[in-house]
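For reference, the structure discussed in these notes is given below.
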Amino acid sequence: ELRFHCLSIYHKKCFMIGQFKKWLGIDCLKLEIVTADIYDKDSSYSDAELILYSKCDIEIENIEIVIVEKYIRGRLKDKKTDHYTIGKLNIGNKIEMTTNKVLTIPIKVPIKQLYSSMDKFGMKNAITKGISTMSKIIKGVKSAYKMEVEVKIKNSRVKVFKSVQLTVS
């Protein structure tokens with residue numbers, strides 16, 4: 001009888017933890033981002049697919065997709081980093097998802113490239129491009145890109161967040 005009592009307490013705790021996780025929105029939605037292997041820097045958009053898998057009945061209020069450029073310059077102690085939002089897409093449609101439902105959403109995020117004065121100088125002709133490239137190497141200038149997706153679930157305290165690095169050509 002004591003053993004049975006311990007099991008019922010254990011199941012009650014599991015139920016309470018499950019309810020707490022559902023209240024927070026943890027474990028109800030799994031998010032995957034599928035992007036192209038290489039992102040073309042000269043393109044005006046980025047293609048991707050969002051794969052949503054629900055473990056319980058939920059209603060998605062909003063999906064926000066952001067593309068961020070991490071601009072790094074300098075070396076060692078003088079290294080500086082800035083983050084720039086170069087693309088943003090909001091999907092404000094309410095989406096109902098039932099338990100064990102998989103939803104694939106193809107997206108095209110519009111991108112507006114930002115160019116530094118060094119980049120603009122390099123765009124003039126082939127000679128200035130070489131000078132610009134060499135000065136970027138000397139100053140340690142690099143850019144890294146990532147796509148961030150944030151999903152807001154109705155009646156949930158925590159948003160589902162996923163980030164993936166983009167490889168640039």
Side-chain angles (χ1 to χ4, degrees), residues 17-18 20-120 122-123 132-133 136-137 139-169:
I17 291 172
F20 184 67
K21 285 169 116 181
K22 190 172 181 180
W23 179 72
L24 285 175
I26 301 171
D27 263 358
C28 272
L29 183 71
K30 296 291 181 189
L31 170 66
E32 288 297 321
I33 305 169
V34 179
T35 62
D37 291 339
I38 297 175
Y39 157 68
D40 183 16
K41 189 176 180 181
D42 297 327
S43 178
S44 61
Y45 62 87
S46 177
D47 287 323
E49 270 189 354
L50 303 179
I51 301 172
L52 305 168
Y53 171 71
S54 66
K55 290 185 173 182
C56 56
D57 293 340
I58 57 170
E59 182 180 333
I60 297 172
E61 289 184 341
N62 187 34
I63 300 174
E64 183 176 9
I65 302 106
V66 178
I67 297 180
V68 178
E69 176 184 7
K70 182 178 179 182
Y71 185 72
I72 305 163
R73 63 203 178 283
R75 298 188 181 276
L76 303 173
K77 292 180 183 177
D78 296 329
K79 191 177 263 192
K80 294 180 183 176
T81 304
D82 290 318
H83 296 270
Y84 300 104
T85 300
I86 60 170
K88 191 172 187 176
L89 178 67
N90 248 333
I91 302 172
N93 303 349
K94 295 195 186 293
I95 302 169
E96 297 274 340
M97 292 193 68
T98 57
T99 306
N100 296 327
K101 182 178 179 184
V102 177
L103 180 65
T104 304
I105 304 172
I107 57 169
K108 240 182 196 182
V109 183
I111 295 175
K112 182 168 183 345
Q113 285 293 338
L114 301 174
Y115 296 104
S116 66
S117 57
M118 209 179 309
D119 290 331
K120 291 175 185 173
M123 290 178 185
S132 172
T133 304
K136 282 182 179 182
I137 292 170
K139 292 188 175 194
V141 174
K142 295 178 188 168
S143 286
Y145 298 87
K146 65 181 174 180
M147 181 181 288
E148 300 175 342
V149 179
E150 189 176 82
V151 180
K152 171 72 175 111
I153 300 171
K154 186 176 181 179
N155 299 327
S156 174
R157 308 296 183 261
V158 180
K159 295 178 182 178
V160 178
F161 180 81
K162 184 86 172 196
S163 177
V164 65
Q165 293 293 325
L166 298 174
T167 306
V168 179
S169 67

Exercise. Does a side-chain heavy-atom distance below 4.5 Å link Lys136 with Asp119?
Worked result: yes
For this session: Could you tell me whether Lys30 sits above the aromatic face of Tyr53, with NZ or CZ closer than 6.0 angstrom to the six-membered ring centre and within 45 degrees of the axis?
Result: no
Problem set entry | Value rounded to 0.5 Å, distance of NZ in Lys146 from NZ in Lys162 | 13.5 Å
For this session: Could you check if a side-chain atom of Leu52 sits within less than 4.5 angstrom of a side-chain atom of Lys101, using non-hydrogen atoms only?
Result: no
For this session: Would you give the length of the straight line joining atom OG of Ser44 to atom NZ of Lys112, rounded to the nearest 0.5 angstrom?
Result: 11.5 Å
Seminar exercise, completed: Here the gap from Met123 atom CE to Ser132 atom OG, rounded to the nearest 0.5 Å, amounts to 9.0 Å
Exercise. What is the distance from atom CD of Glu150 to atom CD of Glu64, rounded to the nearest 0.5 Å?
Worked result: 6.0 Å
Exercise. Just wondering, are more than 12 heavy atoms of other shown residues or ligands nearer than 6.0 Å to CD in Gln113?
Worked result: yes
Exercise. If you round to the nearest 0.5 Å, how far is CD1 of Ile111 from OG1 of Thr85?
Worked result: 11.5 Å
Seminar exercise, completed: Only residue of Val151, Ile63, Ile60, Val149 satisfying side chain to side chain contact (heavy atoms under 4.5 Å, CB included) with Ile91 is Ile63
For this session: Report yes or no: do Glu69 and Ser143 form a side-chain donor-acceptor pair below 3.5 Å?
Result: yes
Seminar exercise, completed: Nearest heavy-atom contact between Ser163 and Glu148 is OG-CG, 3.8 Å
Exercise. Should Phe161 and Leu31 count as side-chain neighbours, where that means a heavy-atom distance under 4.5 Å?
Worked result: no
For this session: Kindly determine whether Asn155 and Glu59 satisfy side-chain contact (heavy atoms from CB on, under 4.5 Å), including the steps that lead there.
Result: CA-CA 9 Å; Asn155 299 327; Glu59 182 180 333; over 6 Å; no
For this session: Taking the side chain as every heavy atom from C-beta outward, state whether Leu50 and Ile33 have any pair of such atoms under 4.5 Å apart.
Result: yes
Problem set entry | Inter-residue atom distance Lys88.NZ - Asn90.CG, 0.5 Å rounding | 6.5 Å
